[in-house]
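Note that the structure is a prediction, hence the values are computed from the model and not measured. One-based numbering, in listed order, for ligands and for the atoms of each.
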Amino acid sequence: MVNLDDTNKEFHNELKNISNNDELTNLQIKYLGRNGIINDFLKKINDIPTEEKKEYGKKVNELKNSFLRLIEVKRKELSEKKSDKFFDSTLPGKTFPIGSLHIVSFAIEEITKIFEKIGFIRVSYPEVDWEYSAFEALNMPKGHPARDDFETSYIDFPENLKFGKMVLTPHTSNGQNREMKRVGKPPIRMINISKCYRPNWDATHTPMFFQFEGLCVDLDINITNLKGTLDYFAEKYFGKGTKTRLRPHHFQFTEPSFEVDVTCTVCKGTSKVNENKCKVCKSGWLELGGTGMVHPNVLTEGGIDPKKFSGWAFGFGIERVIMMKYGLDDIRNYYSGDIRFLEQF
Ligand code: DAH
């Protein structure tokens, strides 16, 4: 019982010296908290001889109630006490830094808006997809070099008889077949923006990156429509006066196929190949990505009659267009998490 009396005295001593709410809360936790002194006393009840148990329990409870009351009184006292410190209410408040969109998210928003204006619908098809959507449906049969496991990452997942294995999709072209089947009958105007994966890591490649894939299928769609759309995009995204050009190329899923260049954002296309060479482009042009008229096999696989409908498609890298727009030289910075870099945009 001596213990209880000592505790009571100690509590009173400590309470006397308390000058603010935080200290009072700490005192309350120390004495009345779950692992506090009062609970310790209650836990000890088993060690007390039976005939004293009742009296002991009563005393501990009385002590507890008295502490509660005193703490209550003290809290009231503290809240009524006026602070004697001078408070200058005219000082400016603390300002918190305002966050912003990541450079890649911002570009995705911009690109989406540009294409929505001309009737394209933004979709986002799976980044983990079947071999069928990523290759087969795009006229890329088994044995195509891009399907090598050195180029494409395969998922450890049971193979499907029709759709093959699962892959981390290496391009957004996997959305073409899915969109054709979703829409059913043309017109189709799709902009598929999604993550892609390829095992490269250098200044212009990260193993995870974003692409945006355009697909337009309708009656009488031709290369003129494609060129017009590319010019529209280039002017809106890179700025007025930006031009595009098409160079013959090869892709399995388009025929004919092209690579698209845009006039360099730094020298505005004025660089000559031999003299006055621009350090960024060396020729007046920068490569944007691949495009072409959708191959008849791809339309057929998507359930569309290639004799009736035609279409074009393109696939460009988001990190790449950002690089071209701002004249950046290392896309690994985008994902370094270095706020000093990201804050600039
Ligand atoms: N899928 C191609 C790549 O990732 C890019 C591409 C080329 C997409 C031509 C297209 C296209 O839609 O028509 O390299």
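Among protein heavy atoms, the minimum distance from atom 5 (C) of ligand 1 is reached at G315 O, 3.8 Å. The protein heavy atom nearest to atom 4 (O) of ligand 1 is R198 NH2, 2.6 Å. When only non-hydrogen protein atoms are considered, atom 2 (C) of ligand 1 lies nearest to F253 CZ, 3.9 Å. Protein heavy atom closest to atom 12 (O) of ligand 1, with residue, atom name and distance, is E213 OE2, 2.6 Å.
With a 4.0 Å cut-off on non-hydrogen atoms, T291 touches ligand 1 through its backbone and not its side chain. Of the heavy atoms in F251, only side-chain atoms (C-beta onward) come closer than 4.0 Å to ligand 1.
Taking the ring centroids of F233 and F212, they lie under the 6.0 Å cut-off. Ring centroids of F314 and F115 are separated by less than 6.0 Å, placing the two rings close together.
Rounding to the nearest 0.5 Å gives a distance of 7.5 Å between CZ of F309 and CD1 of I304.
Atoms of ligand 1 found under 4.0 Å from any heavy atom of Q176 (numbered from 1 in listed order, with element): 12 (O). With ligand atoms numbered from 1 in the order given, ligand 1 contributes 13 (O) to contacts under 4.0 Å with heavy atoms of G292. The distance from ligand 1 to the heavy atoms of G290 drops below 4.0 Å at these ligand atoms: 6 (C), 7 (C), 9 (C), 11 (C). Shown in contact with Q211 at under 4.0 Å from a heavy atom are these atoms of ligand 1, numbered in order with element: 3 (C), 4 (O). Under a 4.0 Å criterion applied to the non-hydrogen atoms of T254, ligand 1 contributes the atoms 13 (O).
Using modelled atom types, one finds a donor on one side chain and an acceptor on the other under 3.5 Å when comparing N21 with R75. A donor-acceptor pair shorter than 3.5 Å can be found between the side chains of N222 and T224.
Crowding of F106 atom CZ: a count of heavy atoms from other residues, nucleotides or ligands under 6.0 Å not exceeding 12. The environment of NZ in K64 is sparse: at most 12 heavy-atom neighbours from other residues, nucleotides or ligands sit within 6.0 Å.
At least one heavy atom of S173 sits closer than 4.0 Å to an atom of ligand 1. Look at H249 and you'll find every heavy atom at least 4.0 Å from all atoms of ligand 1.
A cation-pi arrangement is not found for K325 relative to F238, the charged atom failing to lie both closer than 6.0 Å to the ring centre and inside a 45° cone about the ring normal.
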Name the atoms and distances for all side-chain donor-acceptor pairs under 3.5 Å in residues 179-189, with sequence neighbours left out.
| residue | atom | partner | partner atom | Å |
| --- | --- | --- | --- | --- |
| E179 | OE1 | Y125 | OH | 2.6 |
| E179 | OE1 | R182 | NE | 3.0 |
| E179 | OE2 | R182 | NH2 | 3.0 |
| K181 | NZ | Y132 | OH | 2.9 |
| K181 | NZ | N177 | OD1 | 3.1 |
| R182 | NE | Y125 | OH | 3.4 |

